[in-house]
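First comes the structure, then the notes that go with it.
Whatever order the structure lists them in is the order used to number ligands and atoms, beginning at 1. Computed from a prediction, not measured in an experiment: that's the story for all the values here.
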Amino acid sequence: MFCWLSRLCGELSTPTRRTTQLIWSSAARSMVLSSQRIPELSSFVARTNTCGELRSSHLGQEVTLCGWIQFRRQNIFLVLRDFHGLVQVVIPQDESAASVKKILCEAPMESVVQVSGTVISRPPGQKNPKMPTGEIEIKVKTAKLLNSCKKLPFEIKDFMKKTETLRLQYRYLDLRSAQMQYNLRLRSQMVMKMREYLCNLHGFVDVETPTLFKRTPGGAKEFVIPSREPGKFYSLPQSPQQFKQLLMVGGLDRYFQVARCYRDEGSRPDRQPEFTQIDIEMSFVDQTGVQSLIEGLLQYSWPSDKDPLVVPFPSMPFAEALASYGTDKPDTRFGMKIVDISDMFRNTEVGFLQDALSKPQGTVKAICIRKGAKYLKRKDIESIRKFAADHFNEEVLPIFLKTNENWNSPVAKFIMEEQGLGLVKLLETQEEDVVLLTAGEHKKACSLMGKLRLECADLLEARGVVLRDPALFSFLWVVDFPLFLPKEENPQELESAHHPFTAPHPSDIHLLYTEPHKVRSQHYDLVLNGNEIGGGSIRIHNSELQHYVLDTVLKEDVKLLSHLLQALDYGAPPHGGIALGLDRLMCLVTGAPSIRDVIAFPKSFRGHDLMSNAPDSIPPEELKPYHIQVSWPMDAETEKSSSNHPCRSES
Ligand code: ASP
């Protein structure tokens with residue numbers, strides 16, 4: 001099938017005028033490709049057809065089109081654009097049509113016009129095979145300027161580079177680009193397919209849950225909303241977790257929602273303070289049931305121009321993910337796995353390896369970078385070692401294998417022949433490979449190696465090596481998580497690996513009361529190309545057990561959840577669910593550089609809406625009904641002035 005996404009991406013890098021036409025043609029095609037029934041695109045409105053749909057089969061038809069002026073050539077031709085594509089309009093030159101000519105020649109680019117005329121064939125030699133409407137043009141009879149366009153802050157051409165700050169400030173203009181149109185339309189289509197699959201094929205009920213809620217213990221920081229009752233605040237929910245469980249108690253049986261979630265967490269490139277989840281909960285289900293549902297859901301809603309998904313997705317225990325990839329979200333599109341080489345170095349003379357191995361949890365880990373000696377530069381290795389020292393307080397040793405015997409490394413002389421040969425065998429090294437080696441506590445050493453693995457992959461790809469096929473979607477279930485993890489700030493205390501409502505593995509329940517850190521959970525994450533795109537669990541449906549976990553293990557304030565604990569006592573069915581991060585999923589599906597590119601009106605990196613300037617200040621008298629007052633920080637003046645110009649501080 002015609003793979004228009006790769007064309008789309010490929011063409012974006014070729015800055016020609018034709019590019020825009022091609023992108024629009026692709027966008028137009030997408031809509032036909034992805035739905036069985038071609039929708040009525042011109043019902044109820046002032047046009048008869050869309051710009052993108054006209055073909056030779058329309059020859060002779062009288063049409064009325066509405067669109068934006070994309071391009072004008074010598075006051076003879078005009079290219080009109082709407083969401084569906086581009087069409088060439090012939091500006092009449094005869095005296096009798098002087099008023100039409102005036103409108104079409106004087107309207108600035110991006111003005112919005114309505115034209116009526118006849119679909120005619122383009123003269124021989126003037127057909128444009130690259131344009132879906134390239135066989136025809138419109139012989140205009142009447143034209144109306146619907147609205148004129150002022151000088152734009154940037155041109156609406158995909159190849160025009162513009163800063164993201166500017167794009168976000170004028171988001172409504174940025175949305176006119178073919179790429180944004182494509183991203184948002186594909187998102188809409190996938191969500192529609194998901195609804196179809198869940199509601200029509202599997203009897204799920206779409207239920208809206210409240211946005212004004214109360215504080216929930218544990219998890220992410222929440223946004224707080226003042227109320228008119230003194231000292232009382234709502235919180236915006238991190239997710240509809242409690243509500244969906246309560247819906248199961250309420251007998252809804254199968255719930256789903258395209259749910260808006262809110263987390264007041266620091267800025268990260270793949271996070272937004274408000275984001276969307278496909279939120280799901282089912283009664284009487286086990287882990288396999290939820291996983292099969294999600295595989296079916298993604299398979300059903302997957303864009304038809306991509307290779308169909310193969311299910312079931314592979315599964316990997318959390319411990320293996322950590323040991324082999326140094327993370328709970330492994331990118332399985334390429335190898336370069338972490339290998340434990342501790343045993344090989346028990347008799348080493350290398351100081352820091354000896355040191356690490358003398359400790360109880362001490363290990364030696366390695367990754368092999370194929371052809372690293374050819375592609376990595378000295379400065380790359382230096383920056384890798386600096387990263388390890390700065391962020392992990394660990395040493396990393398590079399071993400260059402010019403030939404299998406020639407160890408070109410600071411420690412080479414200490415690595416005995418036997419160890420060298422062992423390394424070659426275990427890591428299957430070949431000429432020109434580089435081995436990176438580190439030592440330390442298992443989890444920390446793996447986590448460092450996992451980061452270096454990704455860093456080296458980026459470096460190799462920047463030098464032209466193809467490691468990760470851009471067309472590959474590598475899904476993976478990560479399973480068998482521990483129920484609790486030591487808190488980062490205080491490792492003596494435990495926190496939930498997923499959330500406090502996650503059920504322990506049935507065969508580990510007894511350990512909850514003796515060695516809670518050893519309990520495995522019924523939690524599963526879905527990973528795509530190294531990104532966590534979903535997570536869920538089977539829930540605790542026994543009130544006593546839930547109370548014990550919250551109170552005794554997690555030391556949370558149980559009163560905050562008394563409603564949920566109470567509900568579990570009234571015949572709560574066994575239940576479980578999952579949530580898919582829609583923004584991240586769409587970002588990966590469209591190949592967008594950022595999740596902001598698949599959200600119509602995203603917040604900036606610092607959580608601001610650069611278009612409307614939110615969050616904004618409120619005069620003190622408007623705060624009075626909420627019984628709150630701003631306590632201005634010392635540098636309030638700076639804050640105030642920068643909030644008037646959010647863009648200046650965002651780029
Ligand atoms: N509520 C969870 C989350 O937002 C997902 C789930 O457990 O269903 O991560």
Review point. Is Gln242 touching ligand 1 with its side chain, its backbone, both, or neither, if touching means heavy atoms under 4.0 Å apart?
Key: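 No part of Gln242 is near ligand 1 at this cut-off.
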
Exercise for review: With heavy atoms only and a cut-off of under 4.0 Å, state how His523 meets ligand 1: side chain, backbone, both or neither.
Suggested key: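 No part of His523 is near ligand 1 at this cut-off.
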
Any N/O of [X] closer than 3.5 Å to an N/O of ligand 1?
| X | answer |
| --- | --- |
| Gln241 | yes |
| His499 | yes |
| Lys244 | yes |

Where ligand 1 meets [X] - atom numbers and elements under 4.0 angstrom, heavy-atom basis:
| X | answer |
| --- | --- |
| Ser239 | 1 (N), 4 (O) |
| His498 | 5 (C), 6 (C), 7 (O), 9 (O) |
| Ile578 | 8 (O) |
| Gln277 | 3 (C), 4 (O) |
| Gly536 | 6 (C), 7 (O) |

Review point. Does ligand 1 have an atom under 4.0 Å from some heavy atom of Arg263?
Key: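 The answer is yes: ligand 1 sits under 4.0 Å from a heavy atom of Arg263.
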
Point to revise | Evaluation steps, salt bridge (Lys or Arg N to Asp or Glu O under 4.0 Å), between Lys487 and Glu495 | key: CA-CA 6 Å; Lys487 277 190 183 164; Glu495 63 186 1; 5.8 Å; no

Review point. Is Lys337 reaching over with its side chain to a backbone N or O of Ile367, donor-acceptor style, under 3.5 angstrom?
Key: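 Answer holds: no.
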
**Study point:** atom 5 (C) of ligand 1: nearest protein contact (heavy atom, Å)
**Key:**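 Minimum-distance protein heavy atom for atom 5 (C) of ligand 1 reads Gly535 O, 3.4 Å.
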
Side chains of [X] and [Y]: donor-acceptor distance under 3.5 Å anywhere?
| X | Y | result |
| --- | --- | --- |
| Thr363 | Glu441 | no |
| Gln245 | Glu281 | no |
| Glu295 | Trp477 | yes |

Check your understanding: Charged N to carboxylate O below 4.0 Å: is that the case for Glu164 and Arg596?
Key ->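 Yes, this pair counts.
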
**Study point:** Electrostatic pair Asp609-Lys603, nearest N-O below 4.0 angstrom
**Key:**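 No, no charged N to carboxylate O under 4.0 Å.
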
**Study point:** From CA spacing to verdict: side-chain contact (heavy atoms from CB on, under 4.5 Å), Ser604, Thr165
**Key:** CA-CA 8 Å; Ser604 73; Thr165 301; over 6 Å; no

